[in-house]
Structures are given as structure tokens and as C-alpha cells.
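Take a look at the structure set out below.
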Amino acid sequence: MKKRLLAVMLILTILVGCTGNIQNSDEETLNLSEQKDEEEYIPPKMEGELTVSTMFEQEYLTIAAQKFMNKYPNVKISINSYVKIEDENTTGASEEFSVENYRNHLNTKIMTGKAEDIIFATQLPVHKYVHMGVFEELSNLLRLTPEINSDNYFMNVLEAPKDKDGNIYMLPLMSRFPVVSFDKHLVTDSGKKIGDGMTKISFGKALEFAQELVDNTSRKNTFLMLESGAHLFNYAFRDYFNEFVDIENKKVSIGEKYISLLNHVKDLENNGYFAAKGSIDFYNMEYYFALNADFDIQGAFFNLLPDTYTYAMPLSDASGNVYVNPSNSVGINSNSKHKELAWEFIKFLLSEEVQSLPGFYGLGVNKKGFDNSAERILKLYNKDEKVSKEEYRNLLEKWVMEINAYDINDPVISEFIWEESNKFFDGEQSAEEAARILQAKISKYLNE
């Protein structure tokens, strides 16, 4: 059961991870690499102890720490993983693993001054930690590191966490983001096309197009998505998150728009746009899902295969912001006594050497690491060599360049949304009741 829970949490971390956020429009994005002046960064003496807090054990992180210690023998790095995988079994710091227990475990260490020097953002309410002063501001360190520039890095990704004051508290190590695509057979049947030059799409627009595909085919067993209406609503909610929840000003507006959105998705469910539970025999019948929600590296591969999906592109919100997933971001504890040494290790995690490791399962923000990881990942999918390395790499790079915002991932708010909305889809409460309860829950949480 624990192993299954870990798998579910990993999928949610990769594909969902979307609540509060920081946005940078293309005009507002400030390229810190162009702001470097004559001020010089002087590296610290490479000795001392560093600790790293992470929710899940990660092979590349363990290897990177060992490589760093080999390079600097007077440095000791301890990786404190709350959840470990031993012989394919999940073990944790508590007998009954849960995300809530993990957050409480870390919060206790923060409050007692015993938190690690470097903290991974996975499943943490980052905005609350920033407000509490837990994380060190990193923009100056980034600015004074000459090798971190647009020639070597995807600066739009590294700078995505910048807030309205130009401060950066977390740095993404990977470019992770959700993508959507559409069934090629249904696109051909319908004769419908997505607007020329579209490079990203909101879920609402994607859903409208998917509904047109279902409505304009004679194929049997044709549905909007593999997921249920409740899951689809979770995506739809993210289009308007900033209208519903203003994290910065601690204001919540869960009202008519939320209610209308709930009822719209429920109507789709009632009108047969989703497969009834247990009605699809995945091995012995033909079936079609108009809309496919996937993660970057897999979505790109399937989009380049013949007769699978088409029009794949990054998922944005209704305002056109494309968010990098925060789960593989790191920050420095503002109470750390080894901030400079922590920065040296973070720089190492951003290096080509680490971002090219076999266990680095994601798209690196280091451009050479990105090339190496794209090539390595393609080999895992491309057994019949149907997709060219160049096509795959170029498509992924095109998508990465669309990133202009960062989710301040708050799993607590995500849990509230899922719980109350799901009760509506299960018939346990009305849309109005769901809105009222959700309004109260999120308001109380933000103002605690």
C-alpha cells in the first residue's frame, strides 16, 4: 500500500503541483545574467558540513553529493530523505507515511532551528515559508555567478520564481511542466484545426477543442479524457486559480465562477463525455480519448509518433502563463551557518556534470545537461527508433522556452480543492455548498 501511495504522490507531484504562483510576463522578465556588474563573488573555503532535506530519496542527489565530497574532501554532505526506497519498499521517518506528517516533521525542525541547510520544495507551502523568512534571497548570488548566463542556462526557467520585488527564494533544477495533446484520428475525422501559431494552450481552450472532436466523429467509445470529471475539473480550476485565490493578499473569491465551472463539468459527465467506471476493456476493444494530459518528456515523444497525438503544447493558465513545476526546486535555509557552501553545492547541482547523470530524470536547466538528458530519455522510449533525436530535442526546447512563471506549490490548498469538489461530483454536496466551504477553508488557512 505504501509503495502504491508513493507512486501516486510522484505522479501528482509531476503532473499537478499547481496552486499559488509567481508570474513573470515576457516584458517583465529581467534577465539577471545581463545585470552582472563589477562586484565579485568570492567562493568560501571548501570545508564544513552541509545537510539537505528532501521528501523523496533521489538517486542523482545522492550521487551528486558523493561527487562533491570527492572533489572537496573536507566537505561532508548529509542527505536527509523523509521517504526512502529500500528493495522496492517505501520506508519513511514515520511508520505511517503521509505528506502532512512530512510537513509537520520539517516544520518542527524549522521552528526549533534544526532544519537543513538546503531544502527541496516538494509538497511544501513555499509561499508560507517565504513569508516566514525561512528561505534566503538568492538573486544576488545568481547575479554574481558569471557562468550562470543565457549561453549556458535556460534563464527564463531559473528566473521564473522571481517575485514582484525581484527576489528569488527557490531555484528550479529541472524544467518540468504539463502538456496536452489531441487524438490524431479524431482530429482527422472532425476536420477541426487549432489556430495557427499557437504555442501554448489553457485547459479551458483545450477542453473546448476536445469536445468538438468528440461531437464530430462517428467512432464508438469516444470520450473527452481518460480521467473522470472530478479529475478534469482539477485542471480546469487551475486556469483561473489567481482569480479564485490571491495568495499574496490573502484574499479568496470562490463564488459564481467556481460554481458555474463545477456545473459545466458535471453536465459533461451527465451527457456521456466520460466513460462509465469499468466500461472500457483496455485490451479488447477500440476506444478514443480526445484530450490527453501528460508530462513534458513523454508528451513530446507521443506527439512525434505517427497515428497517436497531435497539437501537443504546454498547458498554460487562462492568462497564458506557463508554469515550471516547483517539486525539483531548492532553497537555502536563511538560518544556515553555511550559506556560501550551500550555494556552491547548488551550483554543482546546476552543472552539466550533475544534470547529465543517468538518474537525473527530467529536463535540465543547464543547456548541455538538457541536451544529454533529452537524448538519454529518448532512448528509453524510442525502442523502434521512430522519433529522431533532433526533432525530439528541438520540440522540448521550444516548449521550455515558453516557461515564464513558477508555482508556489501549496499542497494544502490543492487538498482542500480536491476534497470539496470531489464531494460535489460524488453527489454529497451542491456546488453552492462546495463553494461556501472552500471559501471558508482557504480563507482560514491563508490567514492563520
Side-chain angles (χ1 to χ4, degrees), residues 21-46 48 50 52 64 68 72 75 117-121 126-127 129-176 248 321-326 328-355 363-370 400-408:
N21 52 70
I22 294 174
Q23 300 172 30
N24 293 320
S25 69
D26 293 339
E27 293 78 10
E28 293 172 337
T29 299
L30 176 64
N31 191 328
L32 295 177
S33 65
E34 296 176 357
Q35 294 290 309
K36 292 179 170 61
D37 53 25
E38 294 180 359
E39 188 179 353
E40 184 180 0
Y41 169 73
I42 301 176
K45 192 173 183 179
M46 301 303 290
L50 274 181
V52 181
F68 194 80
Y72 303 108
V75 174
D117 300 295
I118 296 173
I119 300 173
F120 273 72
V126 172
H127 70 96
Y129 285 8
V130 169
H131 181 72
M132 291 164 55
V134 172
F135 293 119
E136 186 76 4
E137 206 281 308
L138 301 175
S139 64
N140 194 52
L141 286 169
L142 193 62
R143 180 175 64 86
L144 294 175
T145 305
E147 66 269 26
I148 299 182
N149 55 53
S150 57
D151 291 332
N152 300 324
Y153 289 88
F154 292 104
M155 294 305 297
N156 62 306
V157 180
L158 287 178
E159 294 170 8
K162 184 180 60 178
D163 65 18
K164 62 181 177 61
D165 297 317
N167 297 321
I168 295 176
Y169 295 95
M170 306 298 297
L171 284 180
L173 300 180
M174 298 181 186
S175 302
R176 280 186 162 174
E248 184 177 348
N321 297 299
V322 176
Y323 300 95
V324 62
N325 188 294
N328 286 90
S329 298
V330 291
I332 296 177
N333 184 348
S334 60
N335 287 325
S336 170
K337 297 178 180 179
H338 312 285
K339 294 175 186 176
E340 293 81 7
L341 189 59
W343 176 246
E344 291 298 317
F345 184 55
I346 288 176
K347 287 198 301 181
F348 187 62
L349 294 177
L350 291 169
S351 69
E352 176 187 356
E353 181 177 356
V354 172
Q355 303 219 335
L363 299 173
V365 294
N366 179 291
K367 289 185 175 180
K368 290 184 178 178
F370 170 90
V400 167
M401 293 305 295
E402 292 292 333
I403 292 171
N404 68 335
Y406 176 89
D407 287 345
I408 301 183

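Annotation for N328 and R176: closest pair OD1-NH1, 3.0 Å, computed over non-hydrogen atoms. The two residues E344 and P43 come nearest to each other via the heavy atoms OE2-CB, 3.9 Å. Taking all atoms of both residues into account, the shortest heavy-atom contact from L349 to A64 is CD2-CB, 3.7 Å. Residues N149 and P146 come closest through the heavy atom pair ND2-O, 2.9 Å. The minimum heavy-atom distance between V365 and Q355, with the atom names listed, is N-OE1, 2.9 Å. Of all the heavy atoms in N366 and S351, the pair that sits closest is ND2-C, 3.6 Å.
Side-chain N or O atoms of S334 include one that pairs as donor or acceptor with a backbone N or O of G133 at under 3.5 Å. When atom types are taken as modelled, the side chain of N156 and the backbone of V400 share a donor-acceptor pair closer than 3.5 angstrom. In this structure a side-chain-to-backbone donor-acceptor pair under 3.5 Å is missing from E353 to F348. The backbone N or O of S150 sits less than 3.5 Å from a side-chain atom of K367, completing a donor-acceptor pair. Of the possible donor and acceptor atoms, none in the side chain of E159 sits under 3.5 Å from a partner among the backbone N and O of S139.
Partners of E352 by salt bridge (Lys or Arg N to Asp or Glu O under 4.0 Å), not counting sequence neighbours: none found. Checked against salt bridge (Lys or Arg N to Asp or Glu O under 4.0 Å), E340 has no partners two or more places apart in sequence or in another chain. In terms of the side-chain hydrogen bond (donor to acceptor under 3.5 Å, both in side chains) criterion, N333 has no residue partners (sequence neighbours excluded). With sequence neighbours excluded, no residue forms a side-chain hydrogen bond (donor to acceptor under 3.5 Å, both in side chains) with S175. Scored by the side-chain contact (heavy atoms from CB on, under 4.5 Å) test, I346 finds I118, L171, V330, I332, W343, L350 as partners (sequence neighbours excluded). Residues passing the ring pair (Phe, Tyr, Trp, His ring centres under 6.0 Å) test with F370, sequence neighbours excluded: F154. With sequence neighbours excluded, the residues satisfying side-chain hydrogen bond (donor to acceptor under 3.5 Å, both in side chains) with N140 are R143. Applying the side-chain hydrogen bond (donor to acceptor under 3.5 Å, both in side chains) rule to S336 yields the partners D117; only residues at least two apart in sequence or on another chain are considered. Applying the side-chain contact (heavy atoms from CB on, under 4.5 Å) criterion to D165, with sequence neighbours excluded, gives D163, N167. For Y72, the ring pair (Phe, Tyr, Trp, His ring centres under 6.0 Å) criterion is met by F68, not counting sequence neighbours.
When side chains are defined from C-beta on, M174 does not count as touching N325, because their heavy atoms never get closer than 4.5 Å. When side chains are defined from C-beta on, P326 counts as touching Y406, because their heavy atoms get closer than 4.5 Å. Counting heavy atoms from C-beta on, the side chains of M46 and L341 come closer than 4.5 Å.
How far CG of L141 is from CD1 of I148: 9.0 Å, rounded to the nearest 0.5 Å. Distance check, rounded to the nearest 0.5 Å: CG of L158 to CG of L173 gives 9.0 Å. Taking CG of L138 as the reference point, atom NZ of K162 lies at 14.0 Å (rounded to 0.5 Å).
For residues 130-140, the salt bridge (Lys or Arg N to Asp or Glu O under 4.0 Å) pairs, not counting sequence neighbours, are E136-K339.
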